[in-house]
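A, B, ... follow the sequence lines: proteins, then strands. Residue 1 opens every chain.
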2 protein chains.
Amino acid sequence: MRENGGEYVSVPSVRRLPLYLGFLKEFKRGRFEYVSGTQIAEHFNLQSIQIRKDLAVTKVKGKPKMGYKVDELIQAIELFLGWDNIADAFLVGAGNLGMALLGYERFDELGLNIVATFDSDPAKVGEVFYGREVLPVEKLGNLIERMHVKVAILTTPAASAQALADLMVGSGVRGIWNFTQVVLKTPPGVIVENVRLSSSLSVLTSKLKEMLDSERPRIELE
Amino acid sequence: MRENGGEYVSVPSVRRLPLYLGFLKEFKRGRFEYVSGTQIAEHFNLQSIQIRKDLAVTKVKGKPKMGYKVDELIQAIELFLGWDNIADAFLVGAGNLGMALLGYERFDELGLNIVATFDSDPAKVGEVFYGREVLPVEKLGNLIERMHVKVAILTTPAASAQALADLMVGSGVRGIWNFTQVVLKTPPGVIVENVRLSSSLSVLTSKLKEMLDSERPRIELE
DNA sequence: TAGATTGTTAATCGATTAACAATC
DNA sequence: TAGATTGTTAATCGATTAACAATC
């Protein structure tokens, strides 16, 4: 991941920035003007050097002994992530997960605004969830073009994921937040970020299995 | 992550295993007996050497020229992840996201069975979702003990997350799939796996911002 | 001033990739 | 047999951590 004027920024660093952002917003409520890398590190059980490295991508300069200006950091992280300007997004797939995302009320803090939902199921089309009507997928391509929507959240069944991705990309979508199992094929210039809950769960269960197995009393071999 | 009789297994490898598993199950439907690392690699746009390294953790031996036995791999991955025995789990927090997870019908394939849901909101308690009644959190600790439940899915608001984690761990929970923003403090011997949707979104938006910025025509500086 | 904290450069650690012998 | 693929050891790449001078 290359950005910020040729400076290399690692994906793990980018993934940690929203955590810091949440903490900083909370911290700000305590009316603190400055925050040190050490304080952030303690909260997340990380090394302070990692915090300093991560924050360096924002180009914010801290003061020795004082730390970083909280407000400055918040703004700089939001700027870096592109969360300072809220982008319109379409939600495609009005199933369980799609509806849960639609109901999340703080996407504006994550730089996103879900302006419409689409589904292929005629039974769902026309229904209103969280103040937004479900539109037929037939209108998806046209609306992407007309509204210049660049971000789509894909929460459909696997079977229709690739065809919808093709349609959306053809209409101008440049970023897909993909909650399906499908490995989407997209042309260069389109960003796909996959959310794989099964990957997360696999880390939990394999660690848990290892731990519980290691505790299990076993018959002594000779 | 140390397992499998002292062999080191990396977290990224573990995260890829469920992807392979899904592909293998699909592949099996095509009545293929063997699958090569090359075939899996092509499907996921990965290097075949990475597939071979990842699959090595399962201890399954492939045959040169032939590949790996599909059935054998499926079983070995499920065994490694602990998905061969389905564990009972409690869902704590009957909000949007919690309900979406409850509605997911294939957790058995991921080694999990959500047997009960809990919420602190009296308005939700007693309601039935997807065939399961929402129970009051007051019963949580007691039921964890009585049913020997080891896994909990935490989807509550941030404010109550830590207190509930303490309660659950005190009652015998050893693994928490944490969907809240909170950095949970737990004693050694308890596994916490965090799902951070904001981290995923941050990768998408920062890459997208970089890409769109690089395309934007700009005034030439002399 | 003294000392805590930043920011940079170097060292270490871990994951991915390359090379290649073994083999079906 | 010839050749594709596995499995292992070595090399490379990238991320984290250590060290330490700069400085408020």
Side-chain angles (χ1 to χ4, degrees), chain A residues 1-17 19-20 24 27 32-70 72-73 76-77 80 199 202-203 206-207, chain B residues 1-17 19-20 24 27 32-70 72-73 76-77 80 199 202-203 206-207:
Chain A
M1 194 165 204
R2 208 162 256 294
E3 11 197 338
N4 247 16
E7 298 277 324
Y8 179 84
V9 181
S10 74
V11 169
S13 286
V14 174
R15 293 184 67 92
R16 285 187 293 268
L17 289 178
L19 309 184
Y20 304 161
L24 292 168
F27 198 77
F32 296 104
E33 199 186 348
Y34 284 87
V35 64
S36 73
T38 320
Q39 288 172 305
I40 301 176
E42 264 171 31
H43 185 260
F44 290 103
N45 298 314
L46 299 174
Q47 304 292 319
S48 69
I49 170 64
Q50 187 166 56
I51 311 292
R52 299 204 300 277
K53 262 281 163 74
D54 289 344
L55 294 182
V57 310
T58 67
K59 299 282 166 70
V60 168
K61 298 289 166 195
K63 275 190 198 154
K65 185 94 194 278
M66 301 286 284
Y68 307 84
K69 268 197 170 168
V70 179
E72 224 178 303
L73 269 188
I77 293 175
F80 178 85
S199 290
S202 70
V203 178
S206 62
K207 284 182 178 173
Chain B
M1 192 166 206
R2 209 162 256 293
E3 11 196 340
N4 247 18
E7 297 278 322
Y8 180 82
V9 181
S10 75
V11 169
S13 286
V14 174
R15 294 183 65 92
R16 284 187 293 268
L17 289 178
L19 309 185
Y20 305 160
L24 292 168
F27 198 78
F32 296 104
E33 199 187 348
Y34 284 87
V35 64
S36 73
T38 319
Q39 288 172 306
I40 301 175
E42 263 171 30
H43 184 260
F44 290 104
N45 298 314
L46 298 174
Q47 304 293 320
S48 69
I49 170 65
Q50 187 165 57
I51 310 292
R52 298 204 300 276
K53 263 280 163 75
D54 289 344
L55 294 183
V57 310
T58 67
K59 301 280 166 70
V60 168
K61 298 290 165 195
K63 276 192 197 152
K65 186 96 194 277
M66 301 286 285
Y68 307 84
K69 268 198 168 167
V70 179
E72 223 178 305
L73 269 187
I77 293 176
F80 178 85
S199 290
S202 70
V203 177
S206 63
K207 284 182 178 171

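- Consecutive Watson-Crick or G-U pairing (both distances under 3.5 Å) extending over three or more pairs maps onto DNA chain D as C:3-24 with D:3-24.
- A:Tyr68 has a side-chain polar atom (N or O) that falls below the 4.0 Å cut-off from OP1 or OP2 of C:dG7.
- Each of D:dT16, C:dG14, C:dT8 was ranked by its minimum atom distance to the side chain of B:Tyr8; first place goes to C:dG14.
- A straight line from NZ of A:Lys59 to C1' of C:dT8 spans 15 Å, rounded to a whole angstrom.
- Here the CZ-OG distance, from A:Arg16 to B:Ser199, works out to 9.5 Å after rounding to the nearest 0.5 Å.
- Residue A:Arg16 has a polar side-chain atom (N or O) positioned under 4.0 Å from OP1 or OP2 of D:dT16.
- In the set D:dT8, C:dT8, D:dC24, the nucleotide with an atom closest to the side chain of A:Ile49 is C:dT8.
- For the OP1/OP2 pair of D:dT17 and a distance below 4.0 Å, the side-chain nitrogens and oxygens of A:Gln47 include no atom meeting the criterion.
- For the pair A:Gln50 CD and C:dC13 P, the interatomic distance rounds to 16 Å; values are reported in whole Å.
- The two residues A:Val35 and A:Leu24 make their nearest non-hydrogen contact at CG1-CD2, 3.7 Å.
- Nearest-nucleotide assignment on DNA chain D puts the 5′-proximal partner with A:Pro12, out of A:Pro64 and A:Pro12.
- For the pair A:Met66 CE and D:dA22 C1', the interatomic distance rounds to 17 Å; values are reported in whole Å.
- With values rounded to the nearest 0.5 angstrom, B:Leu73 atom CG is found 5.5 Å from B:Thr58 atom OG1.
- Straight-line distance from the CG atom of A:Leu55 to the P atom of C:dG7: 9 Å, rounded to whole Å.
- One atom, NZ of A:Lys65, and another, P of C:dA4, lie 7 Å apart when rounded to the nearest Å.
- For the ring-ring contact (aromatic ring centres under 6.0 Å, His included) with A:Tyr20, the lone residue among A:Tyr68, A:Phe44, A:Phe27, A:Phe80 that qualifies is A:Phe44.
- Whole-Å rounding puts the B:Ile51 CD1 to D:dG7 P distance at 13 Å.
- If you take OG on A:Ser36 and NZ on A:Lys65, they are separated by 11.5 Å, rounding to the nearest 0.5 Å.
- Taking 4.0 angstrom as the limit, A:Tyr34 places none of its side-chain polar atoms (N or O) nearer than this to OP1 or OP2 of C:dT5.
- Between A:Gly62 and B:Ser36, the residue anchored nearer the 5' end of DNA chain D, judged by the nucleotide with its closest heavy atom, is B:Ser36.
- As rounded to whole Å, 12 Å separates atom C1' of D:dT17 from atom CG of A:Leu46.
- Here C:dT6 presents its C1' atom at 14 Å from CD of A:Gln39, a figure rounded to the nearest Å.
- Nucleic acid contact class of B:Lys63 (heavy atoms, under 4.0 Å, all strands): sugar-phosphate only.
- Residues B:Val9 and B:Ser13 come closest through the heavy atom pair CG1-CB, 4.5 Å.
- Of the candidate nucleotides D:dG7, C:dA4, D:dT16, D:dG7 has the atom lying nearest to any side-chain atom of B:Lys61.
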Given the rule in the side-chain contact (heavy atoms from CB on, under 4.5 Å) test, do B:Asp54 and B:Leu46 qualify, once you have shown the distances and angles that lead to the verdict? CA-CA 11 Å; B:Asp54 289 344; B:Leu46 298 174; 5.7 Å; no

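- The side chain of B:Ser10 lies closest to C:dA15, out of D:dT16, C:dA15, C:dT6.
- The base of C:dT17 lies close enough to the side chain of B:Lys53 for a donor and an acceptor atom to sit less than 3.5 Å apart.
- Minimum heavy-atom separation, B:Val14 to A:Ser202: O-OG, 3.2 Å.
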